Every structure is written in structure tokens, then in C-alpha cells.
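Inspection log for the structure reproduced underneath, given as C-alpha cells.
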Amino acid sequence: VFSWFTKTLFSHILGAIGKNNYNVYIGAVSVLALVLSGIYLIPNYHFDGLVYSTIISLFVSSFSTFAVFYWVYIIKNK
């Protein structure tokens, strides 16, 4: 729940401050993480691998969204 909340919250904030291009890059990284983890986990763990791949993609997306928000808005605006 925390990862989904942070992803949604900080992606909306990035869009509100005019940084939509970062959301596109974060989405591409998230899809890449989903594909790469799916290539390995789904053949080995079947349905559980699909669940793990989705969780990995969500964590990558939420943590990278928070990191980009922190870098763009907090560090650059000191």
C-alpha cells in the first residue's frame, strides 16, 4: 500500500510542478523492471513469479518517483 501511495502522490506532484517528462522516464524504467524480472521469474515461479515481478515494478516505480521528486524539488530548490 505504501509503495502505491508514494508512487501516486509524488507522480501527481511532479506533474503539478511541470516535470511530466520525469514521469515518462520513471514509467519506462518501471516497465523495463517488469519485463526483465518477468523474463526470469515467470518461467521459474509461474503465477508467483508474475506477482513478484509486479511487486518489483511497483517498488522501482515508487522509490524512483520519490527520489526524483526529492532531487528536483527539495535539493534543487534549497
Side-chain angles (χ1 to χ4, degrees):
V1 171
F2 179 74
S3 293
W4 189 261
F5 176 72
T6 57
K7 177 199 175 306
T8 304
L9 175 68
F10 291 115
S11 66
H12 287 301
I13 292 174
L14 281 174
I17 61 174
K19 303 297 182 185
N20 288 331
N21 55 343
Y22 291 115
N23 284 335
V24 172
Y25 298 136
I26 291 168
V29 168
S30 176
V31 168
L32 183 66
L34 180 65
V35 168
L36 292 178
S37 62
I39 288 172
Y40 175 73
L41 293 174
I42 292 173
N44 294 331
Y45 298 106
H46 306 291
F47 184 74
D48 289 339
L50 177 65
V51 173
Y52 296 146
S53 296
T54 306
I55 291 170
I56 289 169
S57 174
L58 186 61
F59 278 129
V60 166
S61 176
S62 64
F63 288 128
S64 59
T65 303
F66 175 73
V68 167
F69 170 76
Y70 188 78
W71 176 71
V72 167
Y73 195 72
I74 305 296
I75 293 177
K76 283 191 156 186
N77 288 329
K78 279 191 174 183

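All values below come from the heavy atoms of this structure, side chains included, with hydrogens, waters and symmetry mates left out. Owing to the predicted nature of the structure, the values given are computational and were not obtained by experimental measurement.
Annotation for Lys7 and Thr65: closest pair O-CG2, 4.0 Å, computed over non-hydrogen atoms. The heavy-atom pair separating Gly38 from Pro43 by the smallest distance is O-CD, 3.5 Å. Nearest heavy-atom pair across Gly49 and Ile42 is C-CG1, 4.0 Å.
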All N/O donor-acceptor pairs, side-chain side in residues 14-34, below 3.5 Å, sequence neighbours left out:
{"from": "Asn23", "atom 1": "ND2", "to": "Ser11", "atom 2": "O", "distance (Å)": "3.1"}
{"from": "Ser30", "atom 1": "OG", "to": "Ser57", "atom 2": "O", "distance (Å)": "3.4"}
{"from": "Ser30", "atom 1": "OG", "to": "Ser57", "atom 2": "OG", "distance (Å)": "2.8"}

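Screening Phe66, Tyr70, Phe63 for a ring pair (Phe, Tyr, Trp, His ring centres under 6.0 Å) involving Phe10 leaves a single residue, Phe66.
No side-chain heavy atom of Leu41 sits less than 4.5 Å from a side-chain heavy atom of Asp48.
Under the 4.5 Å side-chain heavy-atom criterion for grouping Ile, Leu, Val, Met, Phe, Trp and Tyr, Val35 is not connected to Phe47 through any hydrophobic cluster. Under the 4.5 Å side-chain heavy-atom criterion for grouping Ile, Leu, Val, Met, Phe, Trp and Tyr, Tyr73 is connected to Leu9 within one hydrophobic cluster. Follow the hydrophobic side-chain contacts under 4.5 Å out from Tyr40 and you reach Val60 in the same cluster. Cluster annotation: Tyr45 and Ile39 are assigned to distinct hydrophobic clusters (Ile/Leu/Val/Met/Phe/Trp/Tyr, side-chain heavy-atom contacts under 4.5 Å, transitive).
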